[in-house]
Amino acid sequence: MTCITKFKSTIKCITAVRLRYKLLIAVLIAAILLSSVMIYSAYKAAIKKEEKNASSKISEGLGISFNNSIEVINKVREGLSNHSETITIRYSAKKDHVEDIEMLCANLIDAALEDTSDATLGDYIRYQYGGYDADYGYSEDGDTLHYVITITPKYYTTIEQEEVVTKDINKILTSFNFSVLTSDYDKVETIYDYICANVIFDQVHKNNSNSHLKTTAYSALEYKRAVCQGFSVLMYRMLKQSGVECRVVTGYADNGKGEKEYHAWNIIRLDGVWYNADATWDTEGEHKYFLKSDSDFTDHDRLEEFKGEFYEDYPMSQKSYI
């Protein structure tokens, strides 16, 4: 009798453990489902916010709005990246928006050229192309107008030349042997010194307005000479590809003769703040213009678009790095 009682007690214990186990599994499943729902909701909210922001960028001040603004911007960005001869945008509207097309194209291009984590986009394209032409047409279908906009960009390089740039940069960066232990400062100094030592200012084509190759990373790498834009976009490409945040800034600078001339340089992010760097003027490798604060960079004057709100997004260090 005692054995039977113990056996029944054991059965009850096993049953209780199983119930607890099932309850625990049910709680875990419920928690996972709830977390999944919350993550998905947050994702949808983020996408909705991103779409709203994208729509406001390309439709600001216009009577046109898109419900797929991100897709449209990405299409323009992809076309620019691939050096597409033409980029075609189609949309429909219930009224005549011909007067908005010029501004729409400008907004689309500007949104497509915003800085991203991709070293081959953003400023790398912005400063290696010479604008665009745009044309449009439309057809009527009842009270709906179907528009077709054709954007024809003007590139300073060919897609074949860009393939050479990619190959060369990959080879150069590999030779630096950067690792997860390499500090951002060491990356910046290595790349900055490489450009200073291997690229000279292009005095031959400096004043030739028909020579656009001088403004490119291709010219800096293949011909070992470029003007300030070429220095700056090469710096941008190499640093961003190495995981260091960088932008190209333009404005006017003292050319050493008491004259102000159009100029381009970089700002580079280290330890959460940004520093000025001008490899064009540091071709001797003296680090005279390397990682400087604005107060130590007074012979450079930014364009207005790089002041105001730009400073809020890219806060400059109050002191030079070294």
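Values reported hereafter were calculated over all heavy atoms of this structure, with side chains retained and with hydrogens, waters and symmetry mates removed.
Of the N and O atoms on the side chains of Arg90 and Tyr147, not one donor lies less than 3.5 Å from an acceptor on the other residue. Ser232 and Arg237 share no side-chain donor-acceptor pair at under 3.5 Å. Side-chain contact, Ser84 with Asn82: no donor N or O sits under 3.5 Å from an acceptor N or O. The closest side-chain donor-acceptor pair between Asn266 and Tyr289, if any, does not fall under 3.5 angstrom. Donor-acceptor pairing under 3.5 Å is recorded for the side chains of Asp193 and His287. A side-chain donor from one of Asn276 and Asp294 sits under 3.5 Å from a side-chain acceptor of the other.
Hydrophobic clustering of Ile, Leu, Val, Met, Phe, Trp and Tyr side chains at less than 4.5 Å, counting indirect connections, keeps Ile109 apart from Val148.
Aromatic ring centroids of Tyr129 and Tyr156 lie 6.0 Å or more apart. Tyr185 has its ring centre less than 6.0 Å from the ring centre of Tyr321.
By the ring-ring contact (aromatic ring centres under 6.0 Å, His included) test, Phe176 is found to be paired with Phe178, Tyr194, residues two or more places apart in sequence or in another chain being considered. Partners of Glu261 under the side-chain contact (heavy atoms from CB on, under 4.5 Å) rule, at least two apart in sequence or in another chain, are Lys206, Asn255. Asp186 is linked by a side chain to side chain donor-acceptor pair (under 3.5 Å) to Ser183, counting only residues two or more places apart in sequence or in another chain. Residues passing the ring-ring contact (aromatic ring centres under 6.0 Å, His included) test with His83 are Tyr155, sequence neighbours excluded.
In this structure, Thr157 OG1 and Ile125 CD1 are separated by 9.5 Å, a value rounded to the nearest 0.5 Å.
The local environment of CZ in Phe310 is crowded, with over 12 non-hydrogen atoms from other residues, nucleotides or ligands closer than 6.0 Å.
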Could you list the donor-acceptor pairs under 3.5 angstrom formed by side chains in residues 132-143, with sequence neighbours left out?
unit_1	atom_1	unit_2	atom_2	d
Tyr132	OH	Ala106	N	3.3
Asp143	OD1	Lys94	NZ	3.4

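Of the charged side-chain nitrogens involved, none lies within less than 4.0 Å of a carboxylate oxygen, so that Asp202 and Lys214 do not count as a salt-bridged pair.
For residues 307-322, the salt bridge (Lys or Arg N to Asp or Glu O under 4.0 Å) pairs, not counting sequence neighbours, are Asp301-Lys307, Glu304-Lys307.
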Set out, in order, the CA-CA distance, both residues' side-chain angles and the distance that settles salt bridge (charged side-chain N to carboxylate O under 4.0 Å, His left out) for Lys292 and Asp299, then state yes or no. CA-CA 12 Å; Lys292 298 299 182 181; Asp299 47 8; over 6 Å; no
